[in-house]
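Written below as structure tokens is the structure these notes are about.
These figures come from a predicted structure and were not determined experimentally. Sequential numbering from 1 along the given sequence is applied to the chain's residues.
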Amino acid sequence: MPSTTHRSGFAALIGRPNVGKSTLLNQLTGEKLAIVSPKPQTTRNRILGVVSRPEGQVAFLDTPGIHQAKGQLNRYMVEVALQAAEEVDLVLFVIEASDKVEVGPGNRVILEQLQKLGKPTFLVINKIDTVAKLVLLPLIDLYRREFPFAEVIPISAKEDDGVEGLFRTVLSHMPEGEPLFPEDVLTDQAERTLVAEYVREQVLRHCHQEIPYSTAVVVDFFDESEREPLPGTPPGKLAGLIRISGSIYVERDSQKAIIIGKQGQMLKTIGTDARKAIQRLLGAHVYLSLRVRVEPRWSERPEGLKKLGYE
């Protein structure tokens with residue numbers, strides 16, 4: 001007879017910036033909970049994504065990339081990642097597949113932290129679609145000599161290759177227990193938080209140089225009094241109206257000018273693309289108003305981080 005054992009627990013995704021942790025979280029949950037960008041340090045906070053199945057439930061924690069922490073904001077992000085790793089049942093150390101069979105200095109630092117934690121750990125080798133398969137075996141052997149990984153699982157999060165197998169293996173390592181969250185809970189991220197992140201994603205997409213790293217987004221106003229769909233609205237169609245206003249914070253007047261753009265064109269582009277994504281998220285028409293504010297050196301000051309939600 002099939003086993004009726006139910007398993008549940010927490011797993012943290014940790015690794016260097018840009019190894020695909022957020023893409024993996026989104027693929028595991030089937031929803032866009034974490035914004036994705038080719039720019040480093042896109043994820044700034046811990047993001048919870050819950051995957052529920054009849055046989056068990058895993059709460060995955062996406063974390064900021066672990067990197068050389070210069071400045072208050074960077075130190076905050078690294079602390080968030082390491083704290084998440086301390087609190088879970090299982091750690092998924094995500095690295096990139098590479099033609100270079102080596103443990104780089106950044107990953108070596110993470111391995112040292114994993115040794116201190118003493119948590120059961122998987123090595124997840126992502127982006128296997130970008131290298132020849134012959135490279136993977138030497139890479140696996142090298143990392144196995146460095147750390148006693150419970151499992152080594154090659155995947156491509158972008159191509160959804162091996163992700164289901166990864167989930168099943170993670171679940172098999174979870175302790176027996178009742179669900180940690182109701183079955184319909186997907187994340188602990190408030191809609192306002194997701195909206196702010198969707199706006200920041202468009203800043204990352206459209207702006208270059210130092211602008212994305214000096215930017216934070218805060219939702220100032222979120223009115224859903226007109227959200228209820230009208231009777232007879234077909235399923236799947238946008239219905240109702242949500243009014244949102246938000247502030248994009250930067251550190252200097254010159255950065256403000258860049259985000260606004262000539263005749264306001266850059267800010268309009270950011271707002272238009274963000275609104276489309278937010279409408280898909282909320283399932284309603286969205287009126288989005290954005291303004292740009294200057295908060296000098298916010299990423300370097302504890303009070304600046306606190307004001308903009310990083311605490």
Within the distance-only criterion (no hydrogens, no angle test), does the side chain of [X] pair as donor or acceptor with the backbone N or O of [Y] below 3.5 angstrom?
X	Y	answer
S247	R291	no
N26	A34	yes
K119	A85	no

>> One pair to check against side chain to side chain contact (heavy atoms under 4.5 Å, CB included): Y143 and L111. What are the steps and the verdict?
In response: CA-CA 10 Å; Y143 271 86; L111 286 172; 4.3 Å; yes
> Are V94 and F149 linked, directly or through other ILVMFWY residues, by side chains that come within less than 4.5 angstrom of each other?
Replying inline: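 Different hydrophobic clusters.
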> Would you say L180 and L90 are hydrophobically clustered, going by side-chain heavy atoms of ILVMFWY under 4.5 Å?
Replying inline: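 Different hydrophobic clusters.
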Would you call [X] and [Y] a side-chain contact if the rule is heavy atoms closer than 4.5 Å?
X	Y	answer
F181	Q57	yes
E86	L117	yes
L282	I244	yes
D223	Y287	no
I14	L114	yes
D89	P175	yes
R108	E112	yes
V131	L139	no

>> Distance alone, cut at 3.5 Å: any donor-acceptor contact between the side chains of S22 and D62?
In response: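 A pair is found: one side chain offers a donor N or O, the other an acceptor, under 3.5 Å apart.
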> Can a donor-acceptor pair be found between the side chains of Y198 and D273 at a distance below 3.5 Å?
Replying inline: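 Distance-only check fails for Y198 and D273.
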Less than 4.0 Å between a side-chain N and a carboxylate O, is that true for [Y] and [X]?
X	Y	value
E55	R168	no
E96	R16	no
R46	E87	no
R200	E197	yes

> Please walk me through it: do F60 and L92 pass side chain to side chain contact (heavy atoms under 4.5 Å, CB included)?
Replying inline: CA-CA 9 Å; F60 292 94; L92 306 185; 4.0 Å; yes
> What do you reckon, is CD of Q263 surrounded by more than 12 foreign heavy atoms closer than 6.0 Å?
Replying inline: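 Not more than 12 within 6.0 Å, no.
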> For R301, does the CZ atom sit with more than 12 other heavy atoms under 6.0 Å from it, leaving out its own atoms?
Replying inline: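 More than 12 heavy atoms, drawn from other residues, nucleotides or ligands, come within 6.0 Å of this atom.
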>> So if I apply the side-chain hydrogen bond (donor to acceptor under 3.5 Å, both in side chains) rule between S156 and each of D161, T130, D129, which one comes out positive?
In response: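 Per the side-chain hydrogen bond (donor to acceptor under 3.5 Å, both in side chains) rule, the option paired with S156 is D129, out of D161, T130, D129.
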> Given S214, which of Q255, E295, R252 fulfils the side-chain hydrogen bond (donor to acceptor under 3.5 Å, both in side chains) condition?
Replying inline: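 Answer to the side-chain hydrogen bond (donor to acceptor under 3.5 Å, both in side chains) test with S214 among Q255, E295, R252: Q255.
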> side chain to side chain contact (heavy atoms under 4.5 Å, CB included) between V50 and F10: does it pass, once the steps are laid out?
Replying inline: CA-CA 9 Å; V50 182; F10 286 86; over 6 Å; no
